[in-house]
Student: 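One structure, pasted below without further comment.
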Amino acid sequence: MKKYQVVGIGNAVVDVLTRCEDTFLDHMGIQKGIMQLIERDRAETLYGAMTDRVEAPGGSVANTLAGIGNLGLPTAFIGRVHDDALGHFYADAMVKGGTDFVNAPMSEGDLPTSRSMIFVSPDGERSMNTYLGTSAELGPEDVSEEVTTQAEIIFLEGYLFDKDKGKDAFLRAARTCRAAGGKAGIAISDPFCVERHRDDFLKLIANEMDFVIGNEEEIRSLYQDDSLEQDLARVAETCPLVVCTRSGDGVTIIQNGTRYDIPVQKITPVDATGAGDQFAAGFLYGLATGADMETAGRMGCVCAAEVISHMGPRPEANMQALFRQHDLL
Ligand SMILES: Nc1ncnc2c1ncn2[C@@H]1O[C@H](COP(=O)(O)OP(=O)(O)O)[C@@H](O)[C@H]1O
Ligand SMILES: O=C(O)C[C@@H](O)[C@H](O)C(=O)COP(=O)(O)O
């Protein structure tokens, strides 16, 4: 038995959330529904333009780990925060939620803790504006083999793929985990990130990954065949387990050539932030505990439905209790 059932590696980001009308997005030049990277000045402008801000620990894979921690499995997260107020807020929240935050806040360098200004539209869609401070500087030296070899599953965040040292950190984490008998998977994170590094993404998925999770746009961005079915089939040819979420329109899982389609009851989200991350939390909980694919997929949907029913990217409910209500435990 290893120390951790799931370990994540990704950007450590504090989310600052507020509601707005779509006209505000147009006025500020914010593209709706995606994660866009911004510079420090723009971060200050957007922060200043926010009313009724809510601050919450975020970061895509970190949200997933927090979700799995909430479900009671031993978890850890590898990410970088600065030794500043937001950094301590972030690290403390991870630990309080049951996930080890293995890298202490760093005082060297002048890049602050990362933050994302997230505007939630009346239809629940979230538009993220992320200022990447120190979190995107994560490199192989930040990956402790003592942690990765103690992981049954390691989960990597595609956003970190934007820098060479992030790629190196991934490879070190995935290879050391797998060499010690664990499994490695990736959350694709973003179609634009794939756009910038398509060949590397395809190689990583084909050669180093045991599973891949993405939404429809992310899966389609890999092979660009102009057909989700064809794209899914091509990813499934190279990777033993592929999971594709399609918002309120169901989830498709292909494991070693067998396909599972999980229905989703479509609702209007209060705030869609974290839907994909919490789907991954429920699904990985199922994978780590030996559930069949149908059950793991349904667990993912229950976690995602909970998080989109309130503001913020992490669960507020006791997810074990919710699983029991849905006869999943
Ligand atoms: N409108 C919705 N109604 C019900 N469930 C939803 C809705 N939007 C998202 N979800 C849940 O969240 C999961 C992930 O959503 P999706 O939008 O595909 O990912 P991402 O947040 O990564 O873009 C879906 O598989 C589903 O379970
Ligand atoms: O990492 C970021 O830039 C934003 C995150 O902090 C945010 O919490 C997030 O990724 C939400 O996830 P999603 O809505 O499931 O894509």
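Indexing begins at 1, ligand by ligand and atom by atom, following the structure's order. All values below were derived from every heavy atom in this structure, side-chain atoms included, with hydrogens, water molecules and symmetry-related copies excluded.
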Student: Applying a 4.0 Å heavy-atom criterion (strictly less than), which segment of Ile308 is in contact with ligand 1: side chain, backbone, both, or neither?
Tutor: side chain

Student: Closer than 4.0 Å to some heavy atom of Gly248 - which atoms of ligand 1 meet that?
Tutor: 2 (C), 3 (N), 7 (C), 8 (N)

Student: For Phe161 and His197, take the angle between the two ring planes, folded into 0 to 90°, and tell me which bin it lands in: parallel under 30, tilted 30 to 60, perpendicular over 60.
Tutor: perpendicular

Student: For atom 13 (P) of ligand 2, tell me which residue out of Gly274, Gly10, Gly58, Ala12 has the closest non-hydrogen atom.
Tutor: Gly274

Student: Between Thr245 and ligand 1, which residue portion shows a heavy-atom distance shorter than 4.0 Å: side chain, backbone, both, or neither?
Tutor: both

Student: Counting only nitrogen or oxygen atoms and a 3.5 angstrom limit, does Arg126 reach ligand 1?
Tutor: no

Student: Check whether Gln36 reaches the backbone of Gln31 with its side chain - one donor and one acceptor, N or O, closer than 3.5 Å.
Tutor: yes

Student: Heavy atom under 4.0 Å from ligand 2: found in Pro313's side chain, backbone, both, or neither?
Tutor: side chain

Student: Run the side chain to side chain contact (heavy atoms under 4.5 Å, CB included) test on Phe279 and Cys301 for me, step by step, so that the C-alpha distance in whole Å, both residues' side-chain angles and the decisive distance to 0.1 Å come before the verdict.
Tutor: CA-CA 6 Å; Phe279 173 85; Cys301 294; 4.0 Å; yes

Student: Run down the list Ala280, Gly214, Ala304 and name the one with the heavy atom closest to atom 27 (O) of ligand 1.
Tutor: Ala304

Student: For ligand 2, which atoms, with element, lie under 4.0 Å from some heavy atom of Gly276?
Tutor: 15 (O)

Student: Does ligand 2 have any atom that is closer than 4.0 Å to a heavy atom of Asp277?
Tutor: yes

Student: Using heavy-atom distances only, which candidate in Gly276, Ser309, Ala187, Cys301 approaches atom 22 (O) of ligand 1 most closely?
Tutor: Gly276

Student: Among all protein non-hydrogen atoms, which one is nearest to atom 23 (O) of ligand 1, and what is the separation to 0.1 Å?
Tutor: Asn215 ND2, 2.9 Å

Student: Is the side chain of Thr273 donor-acceptor paired with the backbone N or O of Pro313 at a distance under 3.5 Å, no angle test?
Tutor: no

Student: Is there a path of hydrophobic side-chain contacts, each under 4.5 Å between heavy atoms of I, L, V, M, F, W or Y residues, that connects Ile262 with Val243?
Tutor: yes

Student: Between Arg126 and ligand 2, find which residue part has any heavy-atom pair under 4.0 Å and reply side chain, backbone, both or neither.
Tutor: side chain

Student: To the nearest 0.5 Å, what is the distance between CD1 (Ile219) and CD1 (Ile188)?
Tutor: 4.0 Å

Student: For atom 26 (C) of ligand 1, which protein heavy atom lies nearest, and how many Å away is it?
Tutor: Ser247 O, 3.3 Å

Student: Under 3.5 Å between some N or O of ligand 2 and some N or O of Met35?
Tutor: no

Student: Give the atoms of ligand 1, by number and element, whose distance to some non-hydrogen atom of Val251 is under 4.0 Å.
Tutor: 25 (O)

Student: Can you tell if the side chain of Met311 reaches within under 4.5 Å of the side chain of Arg126, non-hydrogen atoms only?
Tutor: no

Student: Between Met28 and Thr45, which heavy-atom pair has the shortest distance, and what is it?
Tutor: CE-CG2, 4.3 Å

Student: May I ask you to check whether Tyr4 and Asp100 show a side-chain donor-acceptor distance below 3.5 Å?
Tutor: yes

Student: Just jot down the ligand 2 atoms closer than 4.0 angstrom to any heavy atom of Thr273, in number order.
Tutor: 11 (C), 14 (O)

Student: May I have the step-by-step check of side chain to side chain contact (heavy atoms under 4.5 Å, CB included) for Phe170 and Ile186, ending in yes or no?
Tutor: CA-CA 10 Å; Phe170 267 23; Ile186 186 169; 3.9 Å; yes

Student: Do the side-chain N and O atoms of Ser227 and Asp225 include a donor-acceptor pair separated by under 3.5 angstrom?
Tutor: no

Student: For ligand 1, is there an N or O atom under 3.5 Å from any N or O atom of Glu218?
Tutor: no

Student: Could you walk me through whether Ile38 and Met117 pass side chain to side chain contact (heavy atoms under 4.5 Å, CB included), step by step?
Tutor: CA-CA 10 Å; Ile38 56 168; Met117 263 54 70; 4.3 Å; yes

Student: Side chain or backbone of Ser189 under 4.0 Å from ligand 2, or both, or neither, by non-hydrogen atoms?
Tutor: neither

Student: Rounded at 0.5 Å granularity, tell me how far CG in Asp292 sits from CD in Glu294.
Tutor: 6.5 Å

Student: Which atoms of ligand 1 sit under 4.0 Å from any heavy atom of Lys266?
Tutor: 3 (N), 4 (C)

Student: Could you tell me the residue and atom name of the protein heavy atom closest to atom 3 (O) of ligand 2, and the distance to it rounded to 0.1 Å?
Tutor: Thr130 OG1, 2.7 Å

Student: Just to confirm my output: which protein heavy-atom neighbour is closest to atom 1 (N) of ligand 1, and how far is it?
Tutor: Ile267 O, 2.8 Å

Student: Output the distance between atom CG (Asn318) and atom CZ (Phe323), rounded to the nearest 0.5 Å.
Tutor: 10.5 Å

Student: Run the numbers for me: atoms of ligand 2, each under 4.0 Å from some heavy atom of Ser60, listed by number.
Tutor: 1 (O), 10 (O)

Student: Just to confirm my output: which protein heavy-atom neighbour is closest to atom 7 (C) of ligand 2, and how far is it?
Tutor: Asp15 OD2, 3.5 Å

Student: Provide the number and element of each atom of ligand 2 under 4.0 Å from a heavy atom of Ala275.
Tutor: 15 (O)

Student: Within the structure, does Ala272 bring an N/O atom to less than 3.5 angstrom of an N/O atom in ligand 1?
Tutor: no

Student: Which word best sums up how the rings of Phe101 and Tyr90 line up, parallel for under 30°, tilted for 30 to 60°, or perpendicular for over 60°?
Tutor: perpendicular

Student: Does Arg246 approach ligand 1 within less than 4.0 angstrom via side chain, backbone, both or neither, non-hydrogen atoms only?
Tutor: backbone

Student: Any idea which part of Ala272 is under 4.0 Å from ligand 2, heavy-atom wise: side chain, backbone, both or neither?
Tutor: backbone

Student: Any luck finding a side-chain donor-acceptor pair between Asp83 and Ser107 under 3.5 Å?
Tutor: no

Student: Short list, please: which atoms of ligand 2 are under 4.0 Å from a heavy atom of Val13?
Tutor: 1 (O), 6 (O)

Student: Could you check whether any side-chain N or O of Arg314 sits under 3.5 Å from a backbone N or O of Gly312, counting only pairs where one atom can act as donor and the other as acceptor?
Tutor: no

Student: Consider every N or O of Asn63 and every N or O of ligand 2, then say whether any pair is closer than 3.5 Å.
Tutor: yes

Student: Mind checking side chain to side chain contact (heavy atoms under 4.5 Å, CB included) for Asp277 and listing every partner two or more places apart, or none if nothing turns up?
Tutor: Ser60, Asn63, Thr64

Student: What residue and heavy atom of the protein are closest to atom 5 (C) of ligand 2, and at what distance?
Tutor: Gly59 N, 3.3 Å

Student: Please work out, at 4.0 Å between heavy atoms, whether the side chain, the backbone, both, or neither of Gln265 comes within that distance of ligand 1.
Tutor: backbone

Student: Identify each donor-acceptor pair in which a side-chain atom of residues 245-257 lies under 3.5 Å from a protein atom, sequence neighbours left out, and give them as a table.
Tutor:
residue	atom	partner	partner atom	Å
Arg246	NH1	Thr252	OG1	2.9
Arg246	NH2	Asp249	O	2.9
Asp249	OD1	Lys266	NZ	3.2
Thr252	OG1	Asp261	OD1	2.8

Student: Give me the nearest non-hydrogen protein atom to atom 4 (C) of ligand 2 as residue plus atom name, then the distance to 0.1 Å.
Tutor: Met128 SD, 3.6 Å

Student: At under 4.0 Å between heavy atoms, which part of Val264 makes contact with ligand 1: side chain, backbone, both or neither?
Tutor: side chain

